Participant: 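Got a structure for you, written out below as structure tokens; questions coming shortly.
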Number of protein chains: 2
Amino acid sequence: MTSAPKAKPKARDADATQKRILSAAKKEFAKSGLGGARVDVIAERAKANKRMIYHYFNSKEELFQRVLEDAYSDIRTAEQKLDLDHMDPKAALETLVRFTWDYYLKNPEFITLVNSENLHKAKHLKKSELVHQLSQRFVDMVARLLERGEKEGVFRSGIDAVQLNITIAAIGYYYLTNRFTGTIIYERDLMSPEALDERLRFNMETIMRLVCAD
Amino acid sequence: MTSAPKAKPKARDADATQKRILSAAKKEFAKSGLGGARVDVIAERAKANKRMIYHYFNSKEELFQRVLEDAYSDIRTAEQKLDLDHMDPKAALETLVRFTWDYYLKNPEFITLVNSENLHKAKHLKKSELVHQLSQRFVDMVARLLERGEKEGVFRSGIDAVQLNITIAAIGYYYLTNRFTGTIIYERDLMSPEALDERLRFNMETIMRLVCAD
DNA sequence: TCGTTAATGCACTATCTAGTTACTTATGTC
DNA sequence: GACATAAGTAACTAGATAGTGCATTAACGA
């Protein structure tokens with residue numbers, strides 16, 4: 001019989017549904033920001049009912065907060081896995097610069113989410129204890145690296161770990177987040193493979209010149 | 001007599017009204033982004049009627065485009081006034097780095113507007129012939145500076161003007177646009193006068209080490 | 001003084017959107 | 001196998017929000 005395949009009763013799976021919602025929300029928030037994101041769009045893309053979003057996450061803002069927390073968790077976890085403590089200082093620094101660039105490149109939502117959160121003065125991140133802890137660990141890791149390099153005489157002394165972290169992030173982040181206006185202003189395709197390679201090389205040079213002893 | 005000052009007939013002044021609208025729009029767009037901005041709020045803050053906005057600017061998007069164009073015009077005009085061509089190359093470069101930082105600091109709306117425009121893939125800026133021309137002049141100015149410094153032997157050779165421009169902007173822009181999440185992650189007040197001074201010094205060092213001959 | 005044009009104001013609408021109410025259906029446990 | 005609980009759905013609402021229709025009034029030249 002060719003009877004209409006009657007919307008199958010659909011197996012129930014709370015975990016899977018939450019994951020689908022989070023994934024859809026990440027995309028939508030990244031694309032349109034917190035304000036521009038549409039709850040209905042998230043529901044549709046998650047193949048869930050809008051009611052489910054409120055069932056699991058209470059409100060659009062709490063959902064955003066959760067998406068943001070997960071995004072920070074992901075990058076901080078990946079950074080820890082670099083295991084910089086067991087590398088030669090120069091190599092470790094190069095690894096960090098390259099990792100940061102690659103991560104932004106492969107996870108463009110991260111950048112847009114952070115932008116959106118800053119537009120809202122970080123009011124969601126403030127509430128997250130988890131992010132707090134992860135950040136601490138991250139800064140410490142870079143501080144140890146600087147200390148080690150200094151002791152070995154390959155890094156200059158007196159470099160502040162926070163300023164360095166900000167700078168490493170900045171030179172990759174800015175290039176990528178402003179790629180659309182950048183393409184117009186500089187009349188150059190900033191996203192071709194060659195352009196991306198060139199930028200990574202330039203960034204590497206910038207940081208090594210800044211940090212390494214003369 | 002204490003008669004109610006009967007809403008005075010209000011002198012008509014097309015120019016002044018447009019300027020008030022543009023100024024209010026800049027604030028509102030910077031605060032909430034294109035999507036989050038409310039036309040009613042702009043009207044109220046401009047002490048104009050909402051009808052006026054549509055009378056002069058046709059739509060919310062066209063108003064945004066105009067605000068954005070004006071913002072780019074302003075910074076590019078200010079840059080030209082630096083008159084870098086008549087300064088010693090090193091001093092000129094320092095001047096540019098300091099100017100860029102100061103401009104972002106004193107015009108925080110500029111940053112937020114650019115962020116918002118990039119969220120929308122620069123579709124408004126694409127239409128602007130003016131911005132196109134101004135950008136060209138700006139890149140040329142820095143290219144001349146690099147050339148001059150190279151000839152005098154104070155700058156390294158082979159530095160790309162576009163990459164340098166992007167980097168100078170990045171290290172200031174990122175710090176300021178992400179100051180809210182940054183404050184949380186680094187557990188440090190990034191906006192105190194001392195912190196701002198320190199950042200400018202760090203940025204100056206970053207750029208000079210990158211550009212100057214060893 | 002008159003008439004044309006441009007500036008201004010008010011009230012309205014069509015549409016959208018976060019969040020909810022009230023319901024149905026699957027799942028696993030005793 | 002029935003009961004309790006959690007997963008899922010559809011239709012609705014109250015409030016916003018971009019954009020308009022239309023009437024009114026100032027400015028200014030003839």
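Only a predicted model underlies this, so the values are computations on that prediction, with no experimental measurement involved. Chain identifiers are assigned alphabetically (A, B, ...) following the order of the sequence lines, protein sequences preceding nucleic acid strands; residue numbering begins at 1 within each chain.
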Participant: Return the set of residues passing salt bridge (charged side-chain N to carboxylate O under 4.0 Å, His left out) with Arg188(B) (not counting sequence neighbours), or none when no residue passes.
Facilitator: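 Listed in chain order: Asp160(A).
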
Participant: Rounded to the Å, how far apart are Ile53(B) CD1 and dT8(C) P?
Facilitator: 12 Å

Participant: Rounded to whole Å, how long is the line connecting atom NZ of Lys47(B) with atom C1' of dG9(C)?
Facilitator: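 Taking NZ of Lys47(B) and C1' of dG9(C), I get 17 Å after rounding.
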
Participant: Go through the steps for Tyr174(B) and Tyr174(A) under the test ring pair (Phe, Tyr, Trp, His ring centres under 6.0 Å), then give the verdict.
Facilitator: CA-CA 6 Å; Tyr174(B) 176 91; Tyr174(A) 176 91; 9.4 Å; no

Participant: Return the value, rounded to whole Å, for the distance between atom CZ of Phe57(A) and atom P of dA7(D).
Facilitator: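 Those two atoms, CZ and P, are 12 Å apart.
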
Participant: Could you state the CD-C1' distance from Glu62(A) to dG19(C), rounded to the nearest angstrom?
Facilitator: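 Interatomic distance, CD of Glu62(A) to C1' of dG19(C): 13 Å.
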
Participant: List the atom pairs, donor and acceptor, that lie under 3.5 Å between side-chain atoms in residues 93-102 of chain B and the rest of the protein, sequence neighbours left out.
Facilitator:
{"residue": "Thr95(B)", "atom": "OG1", "partner": "Ala91(B)", "partner atom": "O", "Å": "2.7"}
{"residue": "Thr100(B)", "atom": "OG1", "partner": "Leu96(B)", "partner atom": "O", "Å": "2.7"}

Participant: If the condition is salt bridge (charged side-chain N to carboxylate O under 4.0 Å, His left out), which residues does Arg201(A) pass it with, not counting sequence neighbours?
Facilitator: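 With neighbours one apart ignored, the set is empty.
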
Participant: Output the rounded distance in Å from CD (Glu44(B)) to P (dA16(D)).
Facilitator: 14 Å

Participant: Between P on dG19(C) and CZ on Phe64(A), what's the gap in Å once rounded to a whole number?
Facilitator: 14 Å

Participant: Can you name the residues that form a salt bridge (charged side-chain N to carboxylate O under 4.0 Å, His left out) with Glu109(A), not counting sequence neighbours?
Facilitator: Lys26(A)

Participant: Would you say the side-chain atoms of Arg199(B) pair up with the backbone N or O of Leu190(B), donor to acceptor, closer than 3.5 Å?
Facilitator: no

Participant: Walk along nucleotides 11-17 of chain C from 5' to 3' and tag each nucleotide B, S or - by protein heavy-atom contact under 4.0 Å, base first, then sugar-phosphate.
Facilitator: ------S

Participant: Quick test of your reading of the model: are Arg66(B) and Asp70(B) salt-bridged, counting only N-O distances below 4.0 Å?
Facilitator: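 Salt bridge present between Arg66(B) and Asp70(B).
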
Participant: Could you tell me the separation between the CD1 atom of Ile21(A) and the C1' atom of dG8(D), rounded to a whole number of Å?
Facilitator: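 Rounding to the nearest Å, CD1 of Ile21(A) and C1' of dG8(D) are 11 Å apart.
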
Participant: Sort me out a list of protein N/O and nucleotides 5-7 of chain C N/O pairs below 3.5 Å, or just none if empty.
Facilitator:
{"residue": "dA7(C)", "atom": "OP2", "partner": "His55(B)", "partner atom": "NE2", "Å": "3.1"}
{"residue": "dA7(C)", "atom": "N3", "partner": "Arg12(B)", "partner atom": "NH1", "Å": "2.7"}
{"residue": "dA7(C)", "atom": "N3", "partner": "Arg12(B)", "partner atom": "NH2", "Å": "3.1"}

Participant: Give the rounded distance in Å between these two atoms: CZ of Arg20(A) and C1' of dA7(D).
Facilitator: 11 Å

Participant: If we ignore hydrogens and angles and just use 3.5 Å, is the side chain of Ser128(B) paired with the main-chain N or O of His124(B) as donor and acceptor?
Facilitator: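 Absent.
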
Participant: Can the ring centres of Tyr104(A) and Tyr175(A) be said to be less than 6.0 Å apart?
Facilitator: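 Ring-ring flag for Tyr104(A)/Tyr175(A): false, centres at least 6.0 Å apart.
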
